[in-house]
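Single-structure report; data block below.
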Amino acid sequence: MTSDTSSGRTDSPGLADALADRVLVLDGGMSNQLESAGHDLSDELWSARLLAERPQAVTEAHLAYFRAGADVAITASYQATFEGFARRGIGHDDAARLLALSVDLARAAARRARDEGIDRPLWVAASVGPYGAMLADGSEYRGRYGLSVAELARFHRPRMEVLAAAAPDVLALETVPDADEGAALLEAVRGLGVPAWLSYTVEGRHTRAGQPLEEAFAPAAEVDEVIAVGVNCCAPRDVTAAVEIASRVTGKPVVVYPNSGETWDAEARAWTGRTTFDAGQVEAWRAAGARLIGGCCRVGTEGIAGIASGGR
């Protein structure tokens, strides 16, 4: 089965079937690629600001990752929310248009990749970041926002509906720090008609909020829309154990895309520490059960090319 990247979503079992057949390569950090191209992301909207101001730059970033060997592009909608856009004077209708545009820009990159002779199937994952991303205060690495599961579901559902209507291949429910927010996202994704993956940000064998990963992953096993579970934006050292837990608890394919190993300083809005990401670690992740592998913050095209060259 091939992916129709020219318009709309592929037949929804396509990505799930591909994961059952082989390991796929995810892209790397969107902000990493945009910053390397000279774009300033130092505001609360982060890469989502460029959806309005420099949409072509977003397409170029996606294309760079396809050229590097990525099979799946994650849209620039991680920090795109109705509330966040409203604080910048962007109304509801324009915010909805920008959310949908994030999917269209990734599709455009896939079309350009195909025109350049890249003939493998390419997929688009619409990013749904956590509640804390909208706050832009680093709380996506802490969780425990003081909101109920129902309140979090009500926050997430409207933009998930808009993204689903734009027909991505999958929704990436990503960088989730808290099992309660995971439960809210699982509630919100039901009935949207688009498959999803659920990916926690973790420390050791726990979510960032401190819940055991066994408890955090377990509800996803019963949600038909979820085609993969896993971890992202965590230290590379925490991946292997999390992959084993996710696979054992849910029986679903596992997605992993750690950051570089550096630490985000929310107050300084900067990364500190040293890089520990090494494409040579991928074989251990594959052996543990990972089927969709890429990189998150501070992992760029070189890292993705290294993953792709290791075989699918």
Side-chain angles (χ1 to χ4, degrees), residues 29-32 34-35 39-53 58 74-92 94-96 98-99 102 126-163 171-189 196 198-203 206-211 216 231-235 257-259 262-272 296-298:
M30 171 58 69
S31 62
N32 183 86
L34 290 171
E35 287 176 332
H39 298 286
D40 179 10
L41 304 182
S42 58
D43 70 16
E44 292 185 354
L45 285 179
W46 206 27
S47 57
R49 177 173 59 82
L50 297 190
L51 294 173
E53 297 180 6
V58 176
I74 302 176
T75 64
S77 52
Y78 173 84
Q79 209 135 338
T81 64
F82 289 109
E83 294 82 357
F85 282 133
R87 290 199 296 265
R88 299 294 294 272
I90 299 173
H92 185 279
D94 284 338
L98 293 174
L99 281 162
S102 71
S127 173
V128 178
Y131 179 82
M134 181 270 295
L135 300 177
D137 63 357
S139 59
E140 68 262 47
Y141 298 112
R142 299 189 300 269
R144 296 303 194 195
Y145 313 116
L147 301 178
S148 68
V149 169
E151 288 171 326
L152 287 167
R154 284 195 294 272
F155 165 78
H156 284 296
R157 177 76 182 201
R159 66 180 172 139
M160 289 169 66
E161 290 175 342
V162 172
L163 288 168
L171 294 171
L173 315 178
E174 59 175 354
T175 325
V176 181
D178 191 319
D180 289 344
E181 187 164 25
L185 286 160
L186 293 174
E187 178 180 323
V189 80
L198 175 65
S199 179
Y200 285 98
T201 179
V202 304
E203 189 166 0
H206 294 79
T207 67
R208 297 278 188 167
Q211 302 109 334
V231 295
N232 77 289
C233 213
C234 59
Y257 47 120
N259 59 33
E262 297 164 87
T263 301
W264 175 248
D265 183 332
E267 184 174 342
R269 295 192 65 80
W271 290 92
T272 62
C296 201
C297 298
R298 308 283 286 179

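Just so we're clear, the structure is a prediction, and the values are computed from it rather than from any experiment. Counting from 1, the numbers follow the sequence of the chain as shown.
Residues Tyr200 and Ala179 share a closest heavy-atom pair of OH-CA, 3.8 Å. For Tyr145 against Pro177, the heavy-atom pair with the smallest separation is OH-CG, 3.3 Å. In terms of heavy-atom proximity, Leu198 sits nearest to Gly182 at CD1-CA, 4.3 Å. Here the closest non-hydrogen pair linking Ala153 and Ala188 is O-CB, 4.1 Å. The two residues Ile74 and Ser127 have their closest heavy-atom pair at CG2-CB, 3.7 Å. Between Ser77 and Ala126, the closest heavy-atom pair is OG-C, 4.2 Å.
For the residue pair Glu181 / His156, a side-chain donor-acceptor distance below 3.5 Å is found, with atom types taken as modelled.
Sequence neighbours left out, the pairs with a member in residues 149-163 that pass salt bridge (charged side-chain N to carboxylate O under 4.0 Å, His left out) are Arg157-Glu161.
Counting only heavy atoms from C-beta outward, the side chains of Met30 and Gln79 never approach each other to under 4.5 Å. Looking only at side-chain heavy atoms (C-beta outward), Tyr257 and Cys233 stay at 4.5 Å or farther from each other.
Between Phe155 and Tyr131, the angle of the ring planes goes over 60°, which puts this pair in the perpendicular group of the 30/60° scheme.
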key: Intermediate values then yes/no, side-chain contact (heavy atoms from CB on, under 4.5 Å), Met160 and Leu185   = CA-CA 9 Å; Met160 289 169 66; Leu185 286 160; 4.0 Å; yes
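Considering NE2 of His92 and CD of Glu83, their distance stands at 9.0 Å, rounded to 0.5 Å. To the nearest 0.5 angstrom, Thr81 atom OG1 is 9.0 Å from Leu135 atom CG. Rounded to the nearest 0.5 angstrom, Thr75 OG1 and Leu99 CG are separated by 8.5 Å. Of the inter-residue distances, the one linking Leu147 atom CG with Leu152 atom CG reads 5.0 Å to the nearest 0.5 angstrom.
With Asn232 as the fixed residue, the side chain to side chain donor-acceptor pair (under 3.5 Å) test singles out one of Thr175, Thr201, Asn259: Thr175. Of the options Arg208, Glu140, Arg144, a side chain to side chain contact (heavy atoms under 4.5 Å, CB included) to Asp178 is made by Arg144 and by none of the others.
Enclosure of atom CD in Gln211 by more than 12 non-hydrogen atoms of other residues, nucleotides or ligands within 6.0 angstrom is indicated.
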